[in-house]
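Worksheet for the structure shown next.
Just so we're on the same page: letters track the sequence lines, and every chain starts at 1.
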Amino acid sequence: MSKLLAHLNERQLAAVTLPASHALVLAGAGSGKTRVLTTRIAWLISTGQVAPHGVLAVTFTNKAAREMLARISAMLPIDTRGMWVGTFHGLCNRMLRAHHRDAGLPQSFQILDAQDQLAAIKRLLKAAGVDDEKFPPRSVQQFVNHAKEQGLRPPRVEAGDDYSRRLVELYAAYDAQCQREGVVDFAELLLRSHELLERNQLLREHYQQRFRHILVDEFQDTNALQYRWLKLLAGESAALFAVGDDDQSIYAFRGADVANMAAFEREFRVAHLIKLEQNYRSHGNILDCANALISHNSRRLGKSLWTDAGHGEPVRVRESLTDAQEAQWVVEEVRALVGEGWARSDVAVLYRSNAQSRVIEHALFSAGVAYRVYGGLRFFERAEIKHALAYLRLLENPDDDGAFLRVVNFPARGIGARTLEALQDAARFAGSGLFAAAAGMGGTAAGKLAGFTALVERLRAETRALSLPEVVEHVIERSGLLAHYRSEREGQDRIENLRELVNAAAAFLAEEGGASGAPPRDAQPDAAAPASTPLAAFLSHASLEAGENQAGEGADAVQLMTVHAAKGLEFDAVIVTGLEEGLFPHENSVAEPEGLEEERRLMYVAITRARRRLYLSFAQTRMLHGQTRYSVRSRFLDELPAELLKWLTPRAQAAPASWREGWGGAWEGIGRPAGKARAHPGGEPLRPSAADQRAAQRFDRGVAFRVGQGVVHARFGEGVIVGIEGSGDDARVQVNFGREGLKWLALSVARLEAVG
DNA sequence: TCGGTTCAGAGTATT
DNA sequence: TCTGAACCGA
């Protein structure tokens, strides 16, 4: 036991060994958060304060859940199976499987991923004859998910106008459709589980008494419903141990509410607020930068990172003329690092938005530097995998219309849109699913439909006695999928993936019972539920864990990812690119203070990824959406202490604040309507100081006029260039003449003189 | 039913 | 600029 607690610092030790009461641990980046969480669980169990059975630990990602379980297992020689460790969705799924009847779900309910959900909504809108111009499926999807994340069923959603009322109707119709088909979406897992506990006193009390200790990771990322779920599960007697970092809250856009931290402290009368501020990851200068930056945010719980690892190197800052040159510099720097003996895989290139990866990839590719991009299509999201899963889902649940429609004519069986429309009408009339309705169809297409349903029935019968991987293999072959891809010229990869699906099923079967996603195996009342089939469990697994994207994980390659994707990771060297106003902070966020603060937290996350070396980079111009965008360097750079920075290019004066307020990075270019460029709200001409102008021209290469340049026009008087488009004879500039307003002037025509 | 063309839109993302 | 979805002709 002393071994368990060795190597913990004083604060960590205090957190790990807290008495059984509610606690909030404010865990800074790199402060040993996961260690505290897992050691606490090991401590509680090994001291006999709680049985594994009485522990519930919840995370947001499968990766985090796996890591947590692995670390607990490494610390404890016991069977961790009785513990509930998993994602919110995984745990809710587990609960709903065990109590599907009480939850009003069929035993073999299927889980819709975001893609499936969108398809279901499109189908609904079409069937209801809704104008999808007025109600774009994506908006409806967002509306539904948002409502569910707030814990609101249709009757409780506030709708003040006709449009909202219609959305609420669609929400209700969507829920009805899901219920009819025996499917649930991600948010529904949470909501259904919450309602189950809320309505069923016996069940609620059972779980409340069972879970003596509930531990939550990344608490700042919880949404309203997740918080309520935790509250309900904790009841009066459990100890809720929440770990989080308000400064790393970067998911407000998907419903996360940092306010849950303060609410938790208040509502649970948290007596123990422990701050973990000692950082074991980064050198001092990096942390000082992070601290300085985040201090610009208001409404913080308050925390300051420190290290005893020494100051380390200064933070390097680099200005480039264009995004392409920035990318080229990244390549050179990576090469230099590798030359000095750094591993490529310990270098990360971060960016604010995915679109930025293109230039960097291009440069790395051309230079022959191995790289790996995070994100993209994941294994279980691939079309061929989705097709195979659709067949498997139909075996489990013939009411799954989404699955039916996905494969009824794939591979092609001559069942076209007309047939399906007739079938959907028949199903609606009969109040049944498509599969059931297919049996009663007449007409010429009836034979083809019957052929399909017979195929599914046959597959079901043939696979009854097979093991899970055999079922998958059988279905892939006999459904015609394999033959279809064999006849396709470029089907080889898809066939490989389908074979990989068989392997995934085998691996799942082998691991089942250990990690998350497994069906419940506990004592009452969970065990009272009939064990679901391995296939049903595998299908849940496939929905809840989309799997890896892209191979090459082990390779020694430079890591490219968004800042969001980098959260939770760390690298020896980090290069943050695109630090420009409008991009980072993103222009869609700067309007509201909340948005800007979240961007700043995002920057804080980016900075704190670096262990030893940090580069911050920006470019004067960037090609985005096919246009050249002229930008001003990010305000975040100017919020860092100058003495910690080492400029690799001459440091120019910061742009005046008014530049950002006005247009936050000018967007100009060919085809962009002039009206899109926003003028400074005051309408006054913007006059950069002489120093600013010198700075602005420092990297000038042949562009006579540039954004920020003061000019004089014979008729309009003095103004400032706010946008440039085209080149040569076609070049035009947009000038803010203050009282005269914004004008587009062709340089070949207008006589403009530079001033200042 | 497929393949080519046209058009809009382009932030971040886990389950 | 680039992508994905929608649309049209064979």
Side-chain angles (χ1 to χ4, degrees), chain A residues 58-65 86-93 111-118 122 132-133 136-138 142 145 148-149 184-191 193 217-218 221-223 225-226 249-256 323-324 350-359 362 374-378 380-381 409-419 488 516-517 540-547 549 561-568 578 582-590 595 598-599 601-603 605-606 622-629 667 669-672:
Chain A
V58 62
T59 63
F60 280 86
T61 66
N62 291 299
K63 195 177 159 204
T87 61
F88 278 100
H89 296 84
L91 297 181
C92 287
N93 177 48
I111 301 166
L112 302 184
D113 65 18
Q115 218 180 97
D116 300 332
Q117 185 189 33
L118 186 63
K122 281 182 181 166
D132 59 7
E133 295 260 309
R138 287 213 175 273
Q142 276 173 12
N145 288 338
K148 289 189 180 187
E149 280 159 10
V184 298
D185 57 53
F186 286 133
E188 182 74 20
L189 286 169
L190 263 300
L191 184 51
S193 170
D217 190 19
E218 306 276 17
D221 289 340
T222 51
N223 63 34
L225 180 56
Q226 286 159 340
S249 163
I250 55 172
Y251 284 114
F253 68 91
R254 67 176 200 209
D323 52 345
L350 307 185
Y351 34 81
R352 175 64 181 80
S353 63
N354 286 304
Q356 290 167 250
S357 77
R358 180 178 302 282
V359 229
H362 179 76
Y374 278 60
L377 208 55
R378 305 165 79 191
F380 286 110
E381 292 168 352
N409 197 37
F410 193 93
R413 299 186 176 88
I415 300 172
R418 288 178 313 284
T419 307
E488 209 175 54
S516 59
S540 303
H541 168 81
S543 305
L544 290 176
E545 183 155 10
N549 54 51
M561 66 193 85
T562 62
V563 181
H564 281 91
K567 186 173 166 223
L583 196 58
F584 198 176
H586 197 276
E587 56 195 338
N588 295 358
S589 301
V590 291
E598 177 142 323
E599 293 288 308
R601 291 192 291 267
L602 195 56
M603 179 69 181
V605 167
R622 183 170 295 275
M623 191 60 124
L624 214 52
H625 304 346
Q627 317 176 60
T628 302
R629 169 203 173 104
W667 274 92
I670 298 122
R672 178 72 61 171

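On a pure distance criterion of 3.5 Å, no polar donor-acceptor pair joins the side chain of A/T562 and the base of B/dG11. Counting distance only, with no hydrogens placed and no angle test, the side-chain atoms of A/E599 and the base atoms of B/dG11 include a donor-acceptor pair under 3.5 Å.
Per the geometry, CG belonging to A/N223 stands 18 Å off P belonging to B/dA13, to the nearest Å. A/R601 places its CZ atom 21 Å from the P atom of B/dG11, with the value rounded to the nearest Å. If you take CG of A/D185 and P of B/dT14, they are 17 Å apart, rounded to a whole angstrom. Nucleotide B/dT12 holds its P atom 18 Å from the CE atom of A/M603, rounded to whole Å. Here B/dA13 presents its P atom at 16 Å from CZ of A/F60, a figure rounded to the nearest Å. Spacing between atom NE2 of A/H564 and atom P of B/dT12 amounts to 9 Å, rounded to whole angstrom units. Distance A/F253 CZ to B/dT15 P: 13 Å, rounded to the nearest Å. Atom-to-atom, CG of A/N588 to P of B/dA10 comes out at 9 Å; the value is rounded to the nearest Å.
Partners of A/P411 by side chain to side chain contact (heavy atoms under 4.5 Å, CB included), not counting sequence neighbours, listed by chain and number: A/Y391, A/R413, A/L481, A/H484. Residues meeting the side chain to side chain contact (heavy atoms under 4.5 Å, CB included) test with A/Q142, sequence neighbours left out: none. Every ring pair (Phe, Tyr, Trp, His ring centres under 6.0 Å) that A/F60 has, sequence neighbours left out, goes to A/F88. In this view, A/D113 and A/Q115, A/D116, A/F186, A/K386 satisfy the side chain to side chain contact (heavy atoms under 4.5 Å, CB included) rule, not counting sequence neighbours. Considering only residues two or more places apart in sequence or on other chains, A/N588 meets the side chain to side chain contact (heavy atoms under 4.5 Å, CB included) condition with A/H586.
If A/A546 and A/N409 are placed on DNA chain B by their nearest nucleotide, the residue sitting closer to the 5' end is A/N409. When the nearest nucleotides of DNA chain B are assigned to A/G416 and A/S543 by heavy-atom distance, the more 5′-ward of the two goes with A/G416.
Within the 4.0 Å cut-off from OP1 or OP2 of B/dT15, at least one side-chain nitrogen or oxygen of A/R378 is found. For the pair A/N354 and B/dG11, the criterion of a side-chain N or O lying under 4.0 Å from OP1 or OP2 is not met. Taking 4.0 angstrom as the limit, A/N62 places none of its side-chain polar atoms (N or O) nearer than this to OP1 or OP2 of B/dT14.
As judged by a 4.0 angstrom heavy-atom cut-off over every strand, A/F88 is placed among residues making no nucleic acid contact.
Once the 5.5 Å centre distance and the 30° plane angle are applied, the aromatic ring of A/H586 is found stacked with the base of B/dG11.
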List the steps, then state whether side-chain contact (heavy atoms from CB on, under 4.5 Å) holds for A/L350 with A/M561. CA-CA 5 Å; A/L350 307 185; A/M561 66 193 85; 3.6 Å; yes

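Ring pair A/F380/A/H541 is perpendicular by interplanar angle, where above 60° counts as perpendicular and below 30° as parallel.
To the nearest whole angstrom, the two P atoms, one in C/dG4 and one in B/dA13, are 15 Å apart.
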Protein heavy-atom contacts under 4.0 Å, written 5' to 3' over nucleotides 2-10 of chain C as B (base), S (sugar-phosphate only) or - (none), form the string SS-------

